[in-house]
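Keep in mind that what you see is a predicted model, and the values were worked out from it rather than measured. Each chain gets a letter, A, B and so on, in the order the sequences are listed, and its residues count up from 1.
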Amino acid sequence: MTELPSLAPPADFFARDAVSVARELIGFQLLVDGVGGIIVETEAYTPDDPASHSFSGKTARNAAMFGDPGTAYVYRSYGIHWCLNVVCEPGSAVLLRALEPTSGIEHMQVRRGMEKLRLLAAGPGRLCQALAVDISLNGRSLQGAPFQLRLPARPHPVACGPRIGISRAVEQPWRFGLAGSRFISKPFPLGQHE
DNA sequence: CCTACGATCCCCT
DNA sequence: GGGGATCGTAGGC
């Protein structure tokens, strides 16, 4: 058996609704300057979604959410952490919530100040610290340097459930995860599977 | 294992 | 002036 080459997603991959993209991004490999891993947790935020930063229209902070599909939207969370999104159709985005570390693990361990693989990138703030993502990458395309995206190597089961840490539209099951992964930020409610 | 809470910044009301 | 798309630590069970 020969390994097939790992392919980047098609150019129009992100030009769709965020819920579909969030589900399909599970299993992709994401690297920033060669450091990263397998995407194991995402959340979708849609244009008419009261929980989305884009809900009240375009502002200085969320301007990147109205950029081209594939654009990075980076924002500061709770005054301390950075969070990384990929823009889909205008005013929508997918929050990248957790990675299973695969590449440049030593770099991530230094940046995070810990050895444990399980918590290196399990959470949107931890993911950005591990990959050195900050506001300087806001507005850049994830389909070019320093980012690298590769399609999943094989099929995999995807879990879904309510989104984390929001107070509005809490009932939408728009959080997705690699079923059974120990690298997600929080367990999924049992039985939510696709 | 779990829950509680403070840190700390910026955008928006 | 309020409130986060969070995280680490402390303390209880």
Side-chain angles (χ1 to χ4, degrees), chain A residues 14 17-23 25-26 30 32 37 39-67 69-101 108-139 142 158-178 181-190 192:
Chain A
F14 294 105
D17 73 279
V19 176
S20 298
V21 174
R23 186 188 299 113
L25 273 176
I26 300 299
L30 169 70
V32 179
I39 299 174
V40 297
E41 185 182 342
T42 61
E43 282 177 359
Y45 290 86
T46 68
D48 55 354
D49 174 6
S52 174
H53 289 175
S54 65
F55 184 65
S56 300
K58 190 173 173 179
T59 66
R61 175 175 72 148
N62 68 18
M65 283 191 80
F66 298 87
T71 297
Y73 166 48
V74 180
Y75 71 92
R76 198 186 269 290
S77 174
Y78 290 90
I80 302 172
H81 312 287
W82 300 107
C83 292
L84 172 63
N85 297 253
V86 197
V87 175
C88 301
E89 60 188 6
S92 79
V94 173
L95 173 65
L96 303 178
R97 288 193 55 92
L99 300 183
E100 173 179 340
M108 293 192 268
Q109 288 171 325
V110 170
R111 291 165 180 166
R112 293 274 300 120
M114 65 163 60
E115 310 264 309
K116 284 175 73 96
L117 294 191
R118 194 184 85 72
L119 293 176
L120 272 194
R126 293 166 176 156
L127 184 158
C128 284
Q129 189 180 23
L131 272 56
V133 169
D134 64 21
I135 194 67
S136 69
L137 293 177
N138 187 47
L142 267 83
V158 176
C160 73
R163 294 173 291 182
I164 303 278
I166 57 172
S167 56
R168 296 184 292 181
V170 294
E171 71 286 353
Q172 301 292 350
W174 289 344
R175 175 178 175 239
F176 299 94
L178 181 60
S181 172
R182 64 190 270 261
F183 298 96
I184 60 177
S185 65
K186 285 196 173 110
F188 282 84
L190 292 179
Q192 311 231 21

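A:Glu43 contributes no side-chain N or O that, together with a main-chain N or O of A:Arg97, makes up a donor-acceptor pair within less than 3.5 Å. In this structure, the side chain of A:Arg111 engages the main chain of A:Ala130 through a donor-acceptor pair within 3.5 Å.
Residue contacts shown for A:Ser167 are limited to sugar-phosphate atoms, with no base heavy atom under 4.0 Å away. Across all strands shown, A:Arg175 has no heavy atoms under 4.0 Å from either base or sugar-phosphate atoms. At the heavy-atom level, A:Asn85 lies under 4.0 Å from base atoms of the strands shown. Among the heavy atoms of the strands lying under 4.0 Å from A:Ile166 are primed sugar atoms or P, OP1, OP2 only; no base atom is included.
Between A:Arg163 atom CZ and C:dT6 atom C1' there is a gap of 16 Å when expressed in whole angstrom units. Per the geometry, CZ belonging to A:Arg61 stands 6 Å off P belonging to B:dC12, to the nearest Å.
Scanning atom types as modelled, no donor and acceptor separated by under 3.5 angstrom connect the side chain of A:Tyr78 and the base of C:dA5.
Contact of the A:Ile166 side chain with the A:Tyr45 side chain is registered, since non-hydrogen atoms from C-beta on lie closer than 4.5 Å. Put simply, the side chain of A:Leu96 reaches to within 4.5 Å of the side chain of A:Val86, judged on heavy atoms.
For A:Thr59, taking side-chain heavy atoms from C-beta onward, the closest of the listed nucleotides C:dG8, C:dA5, B:dC12 is B:dC12. The A:Arg76 side chain lies nearest to B:dC9 when the options are B:dC9, C:dG8, C:dA5. Side chain of A:Ile80, nearest nucleotide from C:dA5, B:dT13, B:dT8: B:dT8. Side-chain proximity of A:Pro124 to the nucleotides C:dT6, B:dT13, B:dC11 is greatest for C:dT6.
The aromatic ring of A:Tyr75 does not sit over the base of C:dA5; the criterion of centres under 5.5 Å apart with planes under 30° is not met.
Between A:Met114 and A:Ile164, the residue anchored closer to the 5' end of DNA chain C is A:Ile164, taking for each the nucleotide with the nearest heavy atom.
Side chain to side chain, A:Arg112 and A:Gln129 meet the donor-acceptor criterion of an N or O pair below 3.5 Å. Between the side chains of A:Glu41 and A:Ser185, at least one donor N or O sits under 3.5 Å from an acceptor N or O.
Stretches of at least 3 consecutive Watson-Crick or G-U wobble pairs, with each checked distance under 3.5 Å, appear in DNA chain C as B:1-7 with C:6-12, B:9-12 with C:1-4.
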